[in-house]
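Please read the structure below before turning to the comments.
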Number of protein chains: 2
Amino acid sequence: MKPRVPRMNDQESAAWLGLTTMFSLLPVALDRQLQRDSGLTHFEFVVLSRLQLSPDPTMRMTALAEASVSTLPRLSHVCGRLEKRGLVERSPCPEDRRATNVRLTTDGRRELIRSIPGHIATARRLVIDALTPEQLDALTDITNTINARLTEDRTP
Amino acid sequence: MKPRVPRMNDQESAAWLGLTTMFSLLPVALDRQLQRDSGLTHFEFVVLSRLQLSPDPTMRMTALAEASVSTLPRLSHVCGRLEKRGLVERSPCPEDRRATNVRLTTDGRRELIRSIPGHIATARRLVIDALTPEQLDALTDITNTINARLTEDRTP
DNA sequence: ACCCATTACTTGTCGCGTCAACCAAACGGG
DNA sequence: CCCGTTTGGTTGACGCGACAAGTAATGGGT
């Protein structure tokens, strides 16, 4: 069955063009700043952040993957690199011997904290400070709505 | 000088989290659908689209790079692949012998047109149809504002 | 007329992410 | 108490993109 999807009108096209343009520019900009100033990719930054924010000092790979909006293979690779650089440590989980626990090392926490101000400054300069409070609220609603669709699309 | 950037408040954090979550999910989703159904990456799709939309049947690399929100190296690589697959053709520009002209082949146009309905359907399902008209307008404003900052940030 | 800077693009390298395949442990029905 | 299935994670291969470096043509200043 081919349910004939309607073309986009001008209003829809404008939104779509703005959106696609944004996400071909924004990730690159974030990666550039973090890489240049802190030697971290944005995703590495997110992983370290989620680890630090966790109430429990150690997290399972699956939980960390979920928290950092990623996949297990991707997380596994990046944890391998981060471990080599001494920023995280992995240890087998005693309760479930299939599982792996990850935790932030002292070096990892230090590097993360060092990198935060520059990252926040960039996020403010490029996005947050450019928007009005009403736009911030609107953006939250919009992204939450879209993200709901995206997450249910992830696992068919 | 270190002008002490303020932390984010709850409103700002919510918007930022929503945004970062979205652009770690959306590009993957678009690539997946296009790759599966049409053997194209989203960026390849954009390149072909811009070529087809051009009033002139042929475009300079620089113009195409700008239109597809990309860089010259990236575009050069992807044009190489697309040319190998017979979807585009490159020829030296007669007026400026440094320049290269790209144009869509018949096969390229056909493949593009084949791929459009599925792509639009995905864009609708994941984004457009999830939003109200007011949200679409808001999204256009927001992304245009951010994109302005991003583009001026690109070339310091 | 010459030279240096700029423009236009290409190429190579490297690192990251996706996917598929794999392994091992735990579960659960018969 | 098995044995098939599900869950948790790792690994390898491959492709794409960023960046840096290189080439070639153009143009602007003197």
Side-chain angles (χ1 to χ4, degrees), chain A residues 23-36 39-47 58-85 88-102 154-156, chain B residues 23-36 39-47 58-85 88-102 150 153-156:
Chain A
F23 69 65
S24 65
L25 293 177
L26 189 47
V28 181
L30 296 181
D31 270 330
R32 280 234 309 154
Q33 180 272 320
L34 275 171
Q35 194 70 52
R36 172 168 48 80
L40 293 172
T41 65
H42 179 245
F43 180 62
E44 288 171 340
F45 176 87
V46 168
V47 168
T58 142
M59 276 181 95
R60 302 263 282 253
M61 289 293 282
T62 304
L64 185 52
E66 174 128 11
S68 52
V69 194
S70 175
T71 59
L72 232 21
R74 184 180 184 186
L75 182 63
S76 186
H77 279 135
V78 78
C79 279
R81 293 171 223 141
L82 290 175
E83 193 172 29
K84 230 169 255 163
R85 294 161 59 185
V88 304
E89 268 185 16
R90 279 189 289 190
S91 50
C93 175
E95 298 123 23
D96 185 339
R97 287 188 307 183
R98 296 169 299 177
T100 308
N101 283 327
V102 198
R154 264 182 115 186
T155 45
Chain B
F23 69 66
S24 65
L25 293 177
L26 189 47
V28 181
L30 295 182
D31 270 330
R32 279 236 307 158
Q33 181 272 321
L34 275 171
Q35 194 68 53
R36 171 167 49 80
L40 293 173
T41 65
H42 179 246
F43 181 62
E44 288 171 341
F45 176 87
V46 168
V47 169
T58 141
M59 276 181 96
R60 300 263 281 256
M61 290 292 282
T62 304
L64 185 52
E66 175 128 11
S68 53
V69 196
S70 176
T71 60
L72 232 20
R74 183 181 185 185
L75 181 62
S76 185
H77 278 133
V78 78
C79 280
R81 291 171 223 143
L82 290 175
E83 194 171 29
K84 229 167 257 163
R85 293 161 59 185
V88 304
E89 267 183 16
R90 278 187 291 190
S91 50
C93 175
E95 300 124 23
D96 185 339
R97 288 188 304 185
R98 296 168 299 177
T100 308
N101 282 327
V102 198
L150 287 168
D153 181 67
R154 263 181 115 187
T155 46

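We name chains A, B, ... by the order of the sequence lines, and we start the count at 1 in each one.
Closest approach to the Arg74(A) side chain among dA18(D), dT18(C), dT26(D) is made by dT18(C) (side chain taken as heavy atoms from C-beta onward). Residue Ser76(A) has its side chain nearest to dT11(D) when only dC16(D), dT10(C), dT11(D) are considered. With dG8(D), dA20(D), dT26(D) as the candidates, the nucleotide lying closest to the side chain of Asp96(B) is dT26(D).
Nearest heavy atoms, Arg90(B) versus Ser76(B): NH1-O, 3.7 Å.
Toward the 5′ end of DNA chain D lies the nearest nucleotide of Asn101(A), the other residue of the pair Val28(A) and Asn101(A) mapping further downstream. Mapping Val78(A) and Arg97(A) onto DNA chain C by nearest heavy atom places Val78(A) at the nucleotide closer to the 5' end.
Distance, Phe43(B) CZ to dG17(D) C1': 9 Å, rounded to whole Å. Leu34(B) has its CG atom 16 Å from the P atom of dT18(C), to the nearest Å. In this structure, Arg60(B) atom CZ and dT26(D) atom P are separated by 11 Å, rounded to whole Å. Computed from coordinates, the Leu75(A) CG to dC16(C) P distance equals 14 Å when rounded to whole Å. Computed from coordinates, the Leu72(B) CG to dA24(D) P distance equals 17 Å when rounded to whole Å. Across the protein-nucleic acid pair, Leu25(B) atom CG and dG17(C) atom C1' stand 14 Å apart, rounded to whole Å. In this structure, Asp31(B) atom CG and dC16(C) atom P are separated by 19 Å, rounded to whole Å. The NE2-P distance, from His77(B) to dC14(C), rounds to 14 Å in whole Å.
With hydrogens and angles ignored, the 3.5 Å screen pairs no side-chain donor or acceptor of Asn101(A) with any backbone N or O of Pro92(A). Judged by distance alone, the side chain of Glu44(B) and the main-chain N or O of Thr41(B) form a donor-acceptor pair under 3.5 Å.
At a cut-off of 3.5 angstrom, the base of dT26(D) holds no donor-acceptor pair with the side chain of Arg98(B).
By the 4.5 Å heavy-atom criterion applied to side chains, Glu83(A) and Val102(A) are not counted as neighbours.
Under 4.0 angstrom from either OP1 or OP2 of dT10(C) there lies at least one side-chain N or O belonging to Thr100(B). Phosphate proximity of dG17(D) to Arg81(B): present, with a side-chain N or O under 4.0 Å from OP1 or OP2.
Here Arg90(A) lies in heavy-atom contact (under 4.0 Å) with sugar-phosphate atoms only.
Taking a 6.0 Å sphere around CD of Glu66(B), one finds it holds 12 or fewer heavy atoms contributed by other residues, nucleotides or ligands.
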